[in-house]
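Read the structure below first, then the notes.
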Amino acid sequence: MQKLAKFIYFKIMGWKTEGEFPGHLDKFVIIVVPHTSNIDFFLGLIIRRVWNEQINWIGKKSLFKFPYGWFFRWVGGAPVDRTKNNDMVSATAELFAKRDKFRLTLAPEGTRKKVDTWKTGFYYIAKAAKVPVVLVAFDYGNKQVKVSKPYYTSEDKEADFKIYYDFYKNVKGKIAKNSF
C-alpha cells in the first residue's frame, strides 16, 4: 500500500515533501493549514500512507455508526461527543490518555472558507494532553506537504502562535483565495 501511495503522490501527482514526520513520537496534535477544499482529506490519506504512519482525526459520534463507522475508524477516526454541554478540549485530551498512540489532526481554520483567525482548541488540547503540536502545510502552490518539528506549548500563547503563523506564510491551499 505504501509503494502505491508513493507512486501516486510523487509520480502521478508530482508532489514532494519538506521536513520529516516525527514518527518517533506516539502522541501529538497535527494542525493542517490551509484547509480550503474537501480534497485535503484525500491528500491527507495519501500522505499518511506515504509516511506509513498512524494519523488520527476526530468526528461526531453519529459518523461512527453503521453502516460507515468501520470505514471512518479504519482511516483513523475517533468518535467524540460534540454536544454543547460537552467540554471538547477535555474529552479530546482524554483520548490521548486512553491510547498508547494518538496523533490527532485538526484544521484550526474550522472551515474551508477564508478566515482571519484560527480556532484555538488544538492549542488547548495539546496543552491539556501535554503533547507537542506539529505543523503541516498542504501547499498546493508548490505541490508539497511541509512538516515542522514538534513544538510544545509554552506559557506565552502569543509567541507560540507567531511561530505557527510564520510557518504557514506564503502557503497556498487548493482554493488559493481561501488560504490563511
Side-chain angles (χ1 to χ4, degrees), residues 1-23 25 27-82 88 91-92 95-96 99 101-115 117-123 125-126 131 133-148 164 167-168 171-180:
M1 194 68 138
Q2 185 183 24
K3 284 183 181 183
L4 177 60
K6 284 182 172 186
F7 179 76
I8 292 169
Y9 181 80
F10 292 111
K11 300 294 184 194
I12 294 175
M13 293 172 60
W15 278 54
K16 56 189 180 275
T17 58
E18 181 183 313
E20 193 172 314
F21 185 84
L25 296 176
K27 298 180 181 187
F28 48 92
V29 173
I30 303 165
I31 60 168
V32 180
V33 176
H35 177 41
T36 64
S37 167
N38 287 332
I39 300 296
D40 297 340
F41 179 76
F42 299 102
L43 180 57
L45 292 178
I46 290 171
I47 196 67
R48 181 176 92 153
R49 285 290 166 229
V50 167
W51 290 330
N52 201 29
E53 294 286 353
Q54 174 186 321
I55 300 174
N56 307 98
W57 52 278
I58 54 174
K60 57 186 176 182
K61 284 192 319 186
S62 62
L63 284 176
F64 295 88
K65 293 181 180 175
F66 184 81
Y68 303 110
W70 68 271
F71 174 76
F72 291 126
R73 281 185 182 82
W74 182 66
V75 295
V80 290
D81 181 2
R82 291 177 41 178
M88 280 295 293
T92 307
L95 286 171
F96 280 96
R99 296 178 179 213
K101 186 179 264 192
F102 195 64
R103 291 130 164 205
L104 176 63
T105 303
L106 295 170
E109 292 154 306
T111 181
R112 289 173 303 278
K113 297 178 180 136
K114 176 82 172 155
V115 298
T117 58
W118 294 344
K119 295 183 179 288
T120 57
F122 77 90
Y123 185 81
I125 290 167
V131 299
V133 175
V134 174
L135 315 173
V136 173
F138 285 180
D139 187 352
Y140 288 81
N142 292 307
K143 292 180 81 170
Q144 72 178 0
V145 172
K146 190 170 125 179
V147 184
S148 78
Y164 304 160
F167 179 82
Y168 295 104
V171 171
K172 297 294 177 209
K174 174 82 171 146
I175 302 170
K177 67 180 177 135
N178 290 349
S179 298
F180 183 77

Among residues at least two apart in sequence or on other chains, which ones pass side-chain hydrogen bond (donor to acceptor under 3.5 Å, both in side chains) with [X]?
{"X": "E20", "value": "none"}
{"X": "Y168", "value": "none"}
{"X": "Y140", "value": "D40"}

Crowding at NZ, K113 (>12 non-hydrogen neighbours, <6.0 Å): no

L4 vs Y9, side chain to side chain contact (heavy atoms under 4.5 Å, CB included): CA-CA, chis, key distance, verdict: CA-CA 9 Å; L4 177 60; Y9 181 80; over 6 Å; no

Summary of salt bridge (charged side-chain N to carboxylate O under 4.0 Å, His left out) pairs that have at least one residue in residues 133-146, sequence neighbours excluded: none

Pairwise salt bridge (charged side-chain N to carboxylate O under 4.0 Å, His left out) hits with a residue in residues 43-59, at least two apart: E53-R103

Do [X] and [Y] have side chains that approach each other closer than 4.5 Å (heavy atoms only, starting at C-beta)?
{"X": "V33", "Y": "W118", "result": "yes"}
{"X": "Q2", "Y": "V50", "result": "no"}
{"X": "M88", "Y": "I58", "result": "yes"}
{"X": "Y164", "Y": "Y123", "result": "yes"}
{"X": "T17", "Y": "W51", "result": "yes"}
{"X": "F21", "Y": "I30", "result": "yes"}

Donor-acceptor check, side chain of [X] to backbone of [Y], threshold 3.5 angstrom: yes or no?
{"X": "E109", "Y": "H35", "value": "yes"}
{"X": "Q144", "Y": "W15", "value": "no"}
{"X": "K101", "Y": "I55", "value": "no"}

Could you measure the distance from the [atom1] atom of [X] to the [atom2] atom of [Y]? Nearest 0.5 Å is fine.
{"X": "K6", "Y": "I12", "atom1": "NZ", "atom2": "CD1", "value": "15.0 Å"}
{"X": "N56", "Y": "L106", "atom1": "CG", "atom2": "CG", "value": "10.5 Å"}
{"X": "I39", "Y": "L43", "atom1": "CD1", "atom2": "CG", "value": "9.0 Å"}
{"X": "I125", "Y": "F122", "atom1": "CD1", "atom2": "CZ", "value": "9.5 Å"}
{"X": "W57", "Y": "F41", "atom1": "CH2", "atom2": "CZ", "value": "5.5 Å"}

Side-chain donor/acceptor pairs under 3.5 Å, residues 66-75, sequence neighbours excluded:
unit_1 : atom_1 : unit_2 : atom_2 : d
W70    : NE1    : P67    : O      : 3.1
R73    : NH1    : F64    : O      : 3.1

Exercise: identify the closest heavy-atom pair between P108 and I31: CD-CB, 3.8 Å

Minimum heavy-atom distance V29-F96, with the two atoms named: CG2-CZ, 3.8 Å

What pairs of donor and acceptor atoms, side-chain ones from residues 173-180 against any protein atom, are under 3.5 angstrom apart with sequence neighbours left out?
unit_1 : atom_1 : unit_2 : atom_2 : d
N178   : ND2    : R112   : O      : 3.3
S179   : OG     : G173   : N      : 2.6
S179   : OG     : A176   : O      : 3.1

Under the side chain to side chain contact (heavy atoms under 4.5 Å, CB included) test, residues paired with L25 that sit two or more places apart: P22, F28, P132, P150

Qualifying residues under side chain to side chain contact (heavy atoms under 4.5 Å, CB included), relative to K119, sequence neighbours excluded: none

From CA spacing to verdict: side chain to side chain contact (heavy atoms under 4.5 Å, CB included), M1, N52: CA-CA 9 Å; M1 194 68 138; N52 201 29; over 6 Å; no

Worked check of side chain to side chain contact (heavy atoms under 4.5 Å, CB included) between L95 and L104: CA-CA 10 Å; L95 286 171; L104 176 63; over 6 Å; no

Residue pair V80, K61: steps toward the side chain to side chain contact (heavy atoms under 4.5 Å, CB included) verdict: CA-CA 5 Å; V80 290; K61 284 192 319 186; 5.8 Å; no

All ring-ring contact (aromatic ring centres under 6.0 Å, His included) counterparts of F167, not counting sequence neighbours: none

